[in-house]
Structures are given as structure tokens and as C-alpha cells.
*Asks:* 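Structure incoming, see below.
Side chains are part of it too, since the values below use all heavy atoms of this structure and drop only hydrogens, waters and symmetry mates. This one's a predicted model, so the numbers in the text were calculated from it and none came from an experiment. Starting from 1, each residue takes its place in the sequence as its number.
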Amino acid sequence: MNENLGHLHEPSTDGWERVVVVGLIATPPDHPARVAGLLSAELAELLSSRVDHRVRWEVRSNWGAIAPRRDGGLAALLDDVAERRETAGWDITICLTDLPLHVQRVPLVAHCSARRRVGVVSLPALGLGQLRAGRTAVAGLVEGLL
């Protein structure tokens, strides 16, 4: 587990081994916000079964949108998401976006930054099954970031 998340090794006072707060945000706040809302309702249970059942997963969403900087690309978006994570006090943050993501002209479905403890999922890259595929992508990013 990442040394930045060292507090997660300590038992919590409510009997859970640890608590992890996952922020789920959307940009822009229309379709991605609807997907984030649907995912947030089931994400804690999914993370418990897929990642670690000893963790009390807290999922926070609907905290507003990140306004992507048109000139900054993926790195700027990750920086903005990391700033939101720090401001909100979340352990990990995943951004859902309907912006197409590319690295050297190669389309990306998802990308994460362990240093920033954030990830981003491009909904257009998921195709028609965005909710099902988004569920898998978000859980995989959280698992990878831990």
C-alpha cells in the first residue's frame, strides 16, 4: 500500500480495520455526473467485494465539477483532480469525464497517477456499456491506487 496512505494501516475506532474515502467527481457535470451518481450508490459494496472486505469504503460524489483546462491536457486534468482530492480531504479521487483522453494520439480508457492518488476514466472510450464498464474501470483504478 502506498506510504501516503499509511493511516489506512491503523484500526479505526468503529471496528473496521480501516476507512478509505473515495471521491467520485465528474467533468463536465452533465452525463458524467449521472454516471457518477449511479456508480456512487454501489461503489462501496463493489470495492468491499473486489478490493478489500475489511475496509469501510466511503464514497463521496456530487461535489461539483472540475473545469478542464483546454490547453493543459491529461496532466492538467490530473493536477486539478488532485487539488480537489486534497481540498476535500479524500484518500483517492476518480474523475469521470466525457472528454476523449489521448497520450501520443492513442486513446485512453483510464489513467491514474499514484503520486497524486487520482485517476480519470473517459466515458466515450467505454462505448455503449458505460455503466458496467465504468464500474469495472473505477474499481480497477482504486485497487491500483491502493
Side-chain angles (χ1 to χ4, degrees), residues 1-9 16-146:
M1 198 171 285
N2 188 317
E3 65 276 357
N4 293 329
L5 299 175
H7 70 283
L8 302 179
H9 294 291
W16 291 92
E17 185 172 310
R18 59 188 175 229
V19 177
V20 177
V21 179
V22 177
L24 196 57
I25 59 176
T27 185
D30 40 326
H31 175 67
R34 287 191 294 279
V35 174
L38 292 170
L39 283 177
S40 67
E42 61 188 45
L43 188 57
E45 185 176 324
L46 176 65
L47 293 172
S48 181
S49 66
R50 179 174 168 172
V51 180
D52 192 338
H53 69 279
R54 299 166 298 175
V55 170
R56 179 167 48 103
W57 298 96
E58 292 183 9
V59 178
R60 311 272 169 83
S61 66
N62 299 323
W63 287 70
I66 300 272
R69 292 179 269 165
R70 297 264 179 224
D71 61 339
L74 182 59
L77 179 58
L78 290 170
D79 286 342
D80 293 345
V81 173
E83 184 176 320
R84 172 64 61 87
R85 181 193 58 73
E86 291 172 12
T87 301
W90 299 331
D91 296 307
I92 294 170
T93 301
I94 306 297
C95 176
L96 302 176
T97 183
D98 63 6
L99 300 171
L101 301 177
H102 297 88
V103 171
Q104 296 177 340
R105 297 186 183 168
V106 176
L108 291 177
V109 171
H111 186 75
C112 69
S113 169
R115 177 179 57 82
R116 296 175 183 101
R117 297 189 325 263
V118 301
V120 62
V121 175
S122 175
L123 295 174
L126 298 176
L128 295 176
Q130 288 181 349
L131 183 58
R132 186 184 71 240
R135 186 181 300 122
T136 301
V138 168
L141 285 173
V142 170
E143 185 174 22
L145 287 167
L146 286 177

*Asks:* Taking D91 first and then R117, would you say they form a salt bridge - that is, a charged N and a carboxylate O separated by under 4.0 Å?
*Replies:*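 No, this pair does not count.
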
*Asks:* Compare every heavy atom of L141 with every heavy atom of C112, then report the nearest pair and how far apart it is.
*Replies:*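 Result for this residue pair: CB-CD2, 3.6 Å.
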
*Asks:* Any donor and acceptor pair, going by atom type alone, linking the side chain of T97 with main-chain N or O of T27 inside 3.5 Å?
*Replies:*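 Side chain of T97 to backbone of T27: a pair is present.
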
*Asks:* Can a donor-acceptor pair be found, under 3.5 Å and without considering hydrogens, that links the side chain of S122 to the backbone of L99?
*Replies:*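 Such a contact is found between S122 side chain and L99 backbone.
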
*Asks:* Determine, for R56 against E58, whether the closest basic-nitrogen to carboxylate-oxygen distance falls under 4.0 angstrom.
*Replies:*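 Yes, this pair counts.
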
*Asks:* Is the closest side-chain heavy-atom distance between L43 and L24 below 4.5 Å?
*Replies:*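 Yes, their side chains come closer than 4.5 Å.
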
*Asks:* Stepwise, does the side-chain contact (heavy atoms from CB on, under 4.5 Å) test hold for R135 with L39?
*Replies:* CA-CA 7 Å; R135 186 181 300 122; L39 283 177; 3.8 Å; yes

*Asks:* Any chance you could measure S40, atom OG, to I25, atom CD1, to the nearest 0.5 Å?
*Replies:*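 These two atoms lie 13.0 Å from each other.
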
*Asks:* Taking everything shown except E45 itself, do over 12 heavy atoms lie less than 6.0 Å from its CD?
*Replies:*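 No, not enclosed.
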
*Asks:* Would the distance check show the side chain of W57 and the main-chain N or O of D52 forming a donor-acceptor pair, the cut-off being under 3.5 Å?
*Replies:*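 Confirmed, W57 side chain pairs with D52 backbone.
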
*Asks:* Between P107 and R105, which heavy-atom pair has the shortest distance, and what is it?
*Replies:*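 So the minimum-distance heavy-atom pair works out to CD-O, 3.7 Å.
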
*Asks:* With a cut-off of 6.0 Å (strictly less than), are more than 12 heavy atoms of other residues, nucleotides or ligands near CD of E143?
*Replies:*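 Yes, the 6.0 Å shell around CD holds more than 12 heavy atoms from other groups.
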
*Asks:* Do the non-hydrogen side-chain atoms of L78 and H111 ever get within less than 4.5 Å of each other?
*Replies:*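 Touching, per the 4.5 Å side-chain cut-off.
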
*Asks:* Closer than 3.5 angstrom, by distance alone: can the side chain of Q130 be matched with the main-chain N or O of L123 as a donor-acceptor pair?
*Replies:*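 Yes, because the side chain of Q130 sits within donor-acceptor range (under 3.5 Å) of the backbone of L123.
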
*Asks:* Please report the shortest heavy-atom distance between A26 and A33, naming the atom on each side.
*Replies:*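 Of all heavy-atom pairs spanning A26 and A33, the closest is CB-N, 3.4 Å.
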
*Asks:* Could you tell me whether the side chain of I94 reaches within less than 4.5 Å of the side chain of V118, counting heavy atoms only?
*Replies:*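 No, their side chains stay 4.5 Å or more apart.
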
*Asks:* What distance do R85 atom CZ and I92 atom CD1 have between them, rounded to the nearest 0.5 Å?
*Replies:*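 With rounding to 0.5 Å, CZ (R85) is 9.0 Å from CD1 (I92).
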
*Asks:* Determine whether a donor-acceptor pair (N or O, by modelled atom type, separation under 3.5 Å) exists between the side chain of S48 and the backbone of A44.
*Replies:*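 Between the backbone of A44 and the side chain of S48 there is no qualifying donor-acceptor contact (under 3.5 Å).
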
*Asks:* Indicate the atoms forming the closest heavy-atom contact of A82 with R116, along with that distance.
*Replies:*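 Here A82 and R116 meet closest at CB-CB, 3.8 Å.
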
*Asks:* Under the criterion side chain to side chain contact (heavy atoms under 4.5 Å, CB included), which of V55, V59, V51 is the partner of V20?
*Replies:*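 Of the listed residues V55, V59, V51, the side chain to side chain contact (heavy atoms under 4.5 Å, CB included) partner of V20 is V55.
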
*Asks:* Is there a side-chain contact between V120 and V81 (heavy atoms, below 4.5 Å)?
*Replies:*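 No; the side chains remain at least 4.5 Å from each other.
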
*Asks:* Inspect the contact between E86 and R84 and indicate whether a charged nitrogen and a carboxylate oxygen are less than 4.0 angstrom apart.
*Replies:*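 No salt bridge links R84 with E86.
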
*Asks:* Side chains of R50 and L47: closer than 4.5 Å at any heavy-atom pair?
*Replies:*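 They are not in contact (no side-chain heavy atoms under 4.5 Å apart), so the answer is no.
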
